[in-house]
There are 2 protein chains.
Amino acid sequence: MSTIYQVSELAGVSLSSVSRVMNNHEHVSQRTKDKVRAAMEQLDYRPNFTARSLASSCSNSVGVLVAEISGPFYSDMLSGVESELSNANKHAVIISGGCNEQKEQEAIQFLIDRNCDALILCVDYVTDEYLTNLSKGSTQIVVINRYIESIADNCFYIDNCLGSYQATKYLIEQGHTKLAYIAGPQWKQDAVERLNGYKKALNDCNISLDDALIYEADYTTLGGRDAMLSFLKGNSPFSAVICANDEMASAAMRVAREEHVNIPEECSIIGFDNVYFSEYLYPQLSTIENPINAMARMAVQSVLKNKYNQKKITIQNRFITELIIRESTQAN
Amino acid sequence: MSTIYQVSELAGVSLSSVSRVMNNHEHVSQRTKDKVRAAMEQLDYRPNFTARSLASSCSNSVGVLVAEISGPFYSDMLSGVESELSNANKHAVIISGGCNEQKEQEAIQFLIDRNCDALILCVDYVTDEYLTNLSKGSTQIVVINRYIESIADNCFYIDNCLGSYQATKYLIEQGHTKLAYIAGPQWKQDAVERLNGYKKALNDCNISLDDALIYEADYTTLGGRDAMLSFLKGNSPFSAVICANDEMASAAMRVAREEHVNIPEECSIIGFDNVYFSEYLYPQLSTIENPINAMARMAVQSVLKNKYNQKKITIQNRFITELIIRESTQAN
DNA sequence: TTGTAAGCGTTATCAT
DNA sequence: ATGATAACGCTTACAA
């Protein structure tokens, strides 16, 4: 591997001139540029990434922390982050966080220690306060899928409440009046907000809340299964069930089938997130589009703008959900 | 941020001693260790990752290149790679390759330029020769999901032929004699092998090949859809269809439903890969388990062993598929 | 516009 | 066992 020094020798110029050419500095004569470029070509010179990082204290890499790598939701997000980063010639150091506060903090520290210029975080366990504090450090922090008032400009999130409001309102407009809700774990912000949207819609339409028709599950198919079973075995009749995510909705559909209740004829089901497999299901799942990929891309844009001084695009922090009607819902 | 220098001052020892303690060198007195550790603690010292990389020419990071980040198959692989790497305190630099040879080469070069110690590659476009050559360089190369004879020890792959042989044989044993096959794109090695397994099973059972019952699709739902439609509209009757992956199988099931052919009563369908959503489908998809996650972990182990001199575990290069029977197949 | 030289924070080779 | 000191390959004042 040749170094900047060898290039400078071959080109007959100084180290700094080579560096200037590499970094496209102004005030370099065409003649120097040409000589340097020719020498680089001849030596098949490749800048040493690590040395540049050390000297410039900029690693051109951003750390990404998510709860898990696989899973339709996170992988869609990662995909957006990675592609946007690659386009800008930065790279992503991706790790998956643990399942408790300490692990999450360690993961963040790991990324900081690796000299990432910025961090894109999708975290559930660390506190708002911790993240706020972190933001005061030299590593830029950006948070996806969570709203923290004190660092609002660095948060990218959807209006979860609006999302389930849209779903619930739609079903009510379709004539449903007995609506069940399968909630996500209530220690997660988004799960609480989604439940609120459901409640708000019922309230706006003067439908009273029936606690027996709300089941707190955990966003997994197992949870969705238990929830649906509980509704079916309960005493409160219902003609529709709104789910806090698509996984639980898919489980609810399966349980319905096992118990011989036809979807959507006897019961409408709607999900949340619009993960890609929701159209593979039978019936295809009606759901709420969650623009996670776009959010991820925007988060990267914000990093590019703030940390890498790139193009002055306008940053949007709040994203809007959208109703997707497929086959799993119908009028009552 | 404090440096090794400040630690050495506070501890009253030299730079080298601090370095030695950090790296757990032998021949360091307990007294020195204690002093250094205390000083580190007091200063909340964190080693500078970049400086270490430069000085030691070891970045402790491995580059991972996949065709795409999302998608059930790749994300399962990435998940395995990342977790295994994190456990070893290494990190993953993940990028997604392009959709042609040049882009793929660029992506690889990108990773090499970033001083990755090793590369884990899941690539389709670059040639065997290119990869063989690459392996001669200083960056260790490991290939997942592809077998290249000249660098066999660095390849991790499943027996694709066996996989579809298992599927086909099973259906034949269940009494099916007219079996259609939805193939993957034949410029991909795994797609060819999978098709071969099907042919071999037919041959072993003395069932003659009907070209009208083989359709080359592209591993996507759209392709699977076209394939199934073509079979249904063709003149060759069939009672089972074997698909080269689960996405196409899910599409085939949907088309069947649209055309009012009951699965599995009128037609058995089997997939390949056992991606996680295959059990969400209705009917749940029978398929071939592809141990991609295990393969990914093994690939990391091989890197740990060869590049980072870690534990002498035995490396396994070839992985075996397994028949998973669910609801989409039945006896004929 | 170009060159000189001092870092950047480590590791690693020598002596001692 | 410990300490100087020279790399590692580049960036960046500062000087010319």
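Each chain gets a letter, A, B and so on, in the order the sequences are listed, and its residues count up from 1. Given the structure is predicted, the values throughout are model-derived calculations rather than measurements.
- With no hydrogens or angles considered, no side-chain donor-acceptor pair links Q109(B) and Q105(B) at under 3.5 Å.
- Put simply, N48(B) has no side-chain N or O that comes within less than 4.0 Å of OP1 or OP2 on dC8(C).
- Heavy-atom distances to DNA chain D give each of H27(B) and R46(A) a nearest nucleotide, and the one nearer the 5′ end belongs to H27(B).
- For S56(B), counting side-chain heavy atoms from C-beta on, the closest listed nucleotide (dC10(D), dA12(C), dT10(C)) is dA12(C).
- With dG9(D), dT11(C), dT11(D) as the candidates, the nucleotide lying closest to the side chain of R52(A) is dT11(D).
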Between N or O atoms, less than 3.5 Å apart, protein on one side and nucleotides 3-6 of chain D on the other: list the pairs.
unit_1, atom_1, unit_2, atom_2, d
dG3(D), OP2, S14(B), N, 2.9
dG3(D), OP2, S14(B), OG, 3.2
dG3(D), OP2, S17(B), OG, 2.9
dG3(D), N7, R20(B), NH1, 3.4
dG3(D), N7, R20(B), NH2, 3.2
dG3(D), O6, R20(B), NH2, 2.5
dA4(D), N7, S16(B), OG, 3.4
dA4(D), N6, S16(B), OG, 2.7

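- Rounded to a whole Å, the CG atom of L54(A) is 4 Å from the C1' atom of dC8(C).
- Atoms CD1 (I4(A)) and C1' (dC8(D)) sit 13 Å apart, rounded to a whole Å.
- As a whole-Å value, the separation of F49(A) CZ from dG9(D) C1' is 13 Å.
- From F73(A), atom CZ reaches atom CG of N290(A) across 4.5 Å, with rounding to the nearest 0.5 Å.
- One can place CG of N60(A) at 15 Å from P of dC10(D), the figure rounded to the nearest angstrom.
- To the nearest 0.5 Å, atom OG of residue S135(A) and atom CG of residue L119(A) are 10.0 Å apart.
- For S150(B), the side chain to side chain donor-acceptor pair (under 3.5 Å) partners two or more places apart in sequence, or in a different chain, are T132(B).
- A donor-acceptor pair shorter than 3.5 Å can be found between the side chains of N23(B) and R52(B).
- Across all strands, R31(A) comes closer than 4.0 Å to no nucleic acid atom at all (heavy-atom distances).
- The CG-C1' distance, from N23(A) to dC10(D), rounds to 9 Å in whole Å.
- Put simply, OH on Y5(B) is 13 Å from P on dT10(C), counting in whole angstrom units.
- Under the 30°/60° scheme for interplanar angles, the aromatic rings of Y157(B) and Y147(B) are found to stand perpendicular.
- The distance between atom NE2 of H25(A) and atom P of dT12(D), rounded to the nearest whole Å, is 6 Å.
- Side-chain polar atoms of N60(B) and D117(B) form no donor-acceptor pair below 3.5 angstrom.
- Backbone-only contact: Y45(A) has heavy atoms under 4.0 Å from sugar-phosphate atoms and none from a base.
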